[in-house]
There are 2 protein chains.
Amino acid sequence: MVWKRISQKLEENEYRLTPQREVILQVMIDNRGKHLSADEVYIEARGKSSNIGIATVYRTLEKLASIEVLYKTIFEGGKYRYELSLGETHQHHHIICLQCGNISEVEEDLLHNLEIHLEKKGYKILDHELKFYGYCPQCNSKK
Amino acid sequence: MVWKRISQKLEENEYRLTPQREVILQVMIDNRGKHLSADEVYIEARGKSSNIGIATVYRTLEKLASIEVLYKTIFEGGKYRYELSLGETHQHHHIICLQCGNISEVEEDLLHNLEIHLEKKGYKILDHELKFYGYCPQCNSKK
DNA sequence: CTGATTTTGATAATCATTATCAATTAAATT
DNA sequence: AATTTAATTGATAATGATTATCAAAATCAG
Ligand SMILES: [Mn+2]
Ligand SMILES: [Mn+2]
Ligand SMILES: [Zn+2]
Ligand SMILES: [Zn+2]
């Protein structure tokens with residue numbers, strides 16, 4: 001199901017599914033819901049294929065993000081993070097807990113009123129990126 | 001008006017308003033509405049005070065962001081950008097044009113329904129960061 | 001003034017990412 | 001199947017932004 005969608009995307013864009021790319025994709029699939037940095041992917045990928053190079057990891061993540069198989073973003077810390085992107089038309093939102101650092105996801109879009117407001121002003125909105133900062137339910141109740 | 005608010009913030013946090021900090025703040029005030037990188041601030045600051053150091057610029061921007069006199073964010077390009085933050089409780093939104101690169105601001109908040117939705121789930125939301133990607137009115141009409 | 005504290009500027013160090021390039025692998029052509 | 005062509009890889013150098021270090025300068029408190 002996931003693989004099917006991915007290989008289709010690769011085909012559309014004429015990218016081969018090499019063993020290295022397969023390993024990297026498997027890492028991303030195994031970590032669905034998490035947001036991994038290039039070096040974290042590298043560590044895990046080496047576990048599966050001990051001689052994969054870090055340059056290949058960077059290249060592959062970049063490439064997969066460009067065809068929207070991965071979503072690339074940055075959470076404070078100065079490095080990019082990647083996560084598997086299922087066929088969502090609009091990116092899901094993130095809530096970052098300022099206490100424990102946990103990142104949770106918000107599947108509900110709910111930006112419609114804002115986007116309509118902007119389209120009335122002449123903009124054409126294709127996607128969005130929304131991060132909330134605050135406290136997660138656990139940390140919030142402990143205060 | 002702006003300076004008054006700034007010097008109050010500095011006082012509250014026991015940061016001195018040194019000549020270098022004053023120059024950097026003046027650059028940020030002169031560029032209200034723009035989003036400057038550290039090196040852009042450095043270039044402009046040198047125009048006003050030719051021997052200011054780049055390290056001082058980095059340090060000062062960081063410090064001013066930590067007391068919320070500046071707002072720090074990152075727009076694709078791998079470097080942080082800063083803008084003067086007036087006393088907004090919640091950060092304004094940004095619309096990035098994928099055609100011309102122009103960044104415009106959305107003052108209307110309109111995230112209330114989403115935040116209420118999250119607070120019902122136990123979260124406490126303190127702030128947010130929202131970027132829209134699409135086409136600005138000019139680029140949109142030219143298509 | 002005097003000694004303590006903060007701030008500064010030059011520069012070295014760090015860290016993530018990108019570029020380079022020869023070697024390997026896979027695809028296309030003969 | 002052998003040969004040519006193109007894509008991909010891995011090692012490593014280069015880059016670029018940011019941070020750390022540290023001695024000198026500025027400012028503050030007594
Ligand atoms: Mn996510
Ligand atoms: Mn802005
Ligand atoms: Zn938490
Ligand atoms: Zn535009």
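So you know, we letter chains A, B, ... as the sequences are listed, proteins then strands, and number each from 1. Quantities reported herein were computed from a predicted structural model and do not represent experimental measurements.
Side-chain N/O atoms of A:T18 include one lying less than 4.0 angstrom from OP1 or OP2 on D:dT9. Taking side-chain N and O atoms only, B:Q20 has no distance below 4.0 Å to OP1 or OP2 of D:dA26. An OP1 or OP2 oxygen of C:dT18 is reached within less than 4.0 angstrom by no side-chain nitrogen or oxygen of A:Y58.
Atom P of nucleotide C:dA16 and atom CD of B:E76 are separated by 18 Å, given to the nearest angstrom. Between B:Y82 atom OH and D:dA17 atom P the separation is 13 Å, expressed in whole Å. For B:Y80 and D:dG16, the OH to P distance is 19 Å, given to the nearest whole Å. When the C1' atom of C:dT6 is taken as reference, atom CG of B:L17 falls 14 Å away, rounded to whole Å. Taking atom CZ on B:F75 and atom P on D:dA17, their separation rounds to 17 Å, with Å as the unit. When the C1' atom of C:dA16 is taken as reference, atom CD1 of A:I43 falls 14 Å away, rounded to whole Å. One interatomic measurement links the two molecules: CG of A:L10 to C1' of C:dA26, which rounds to 16 Å at whole-angstrom precision. Atom P of nucleotide C:dG9 and atom CG of B:L61 are separated by 13 Å, given to the nearest angstrom.
Among the protein residues, B:N51 comes within range of the sugar-phosphate backbone only, with heavy atoms under 4.0 Å from sugar or phosphate atoms but none that close to a base. Nucleic acid contact for A:R59: base, since at least one base atom lies under 4.0 Å from a heavy atom of the residue.
Both tests do not hold together for B:K124 against A:Y135: distance to the six-membered ring centre under 6.0 Å, angle to the ring axis within 45°.
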| Evaluation steps, side chain to side chain donor-acceptor pair (under 3.5 Å), between B:Q20 and B:S49 | CA-CA 8 Å; B:Q20 290 88 339; B:S49 170; over 6 Å; no
| task | Run the numbers on A:H35 and A:F75 for ring-ring contact (aromatic ring centres under 6.0 Å, His included), then give the verdict. | result | CA-CA 9 Å; A:H35 308 88; A:F75 300 105; 5.1 Å; yes
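The residue among B:I52 and B:R16 whose nearest nucleotide of DNA chain C is located toward the 5' end is B:R16. Ranked by how close their nearest DNA chain C nucleotide is to the 5' end, B:Y42 and B:E14 are led by B:E14.
Note on A:K9 versus A:E11: no salt bridge recorded, every NZ/NE/NH1/NH2 to OD/OE distance being 4.0 Å or above. At a threshold of 4.0 Å, the pair B:K72-B:E83 does not count as salt-bridged, since none of the basic side-chain nitrogens sits closer than that to a carboxylate oxygen.
Each of C:dT7, C:dG9, D:dT18 was ranked by its minimum atom distance to the side chain of B:K79; first place goes to D:dT18. Checking C:dT7, D:dT18, D:dT8 against every side-chain atom of B:K63, the shortest atom distance belongs to C:dT7. Among the nucleotides C:dT17, C:dT8, C:dT18, the one closest to the side chain of A:E62 is C:dT18.
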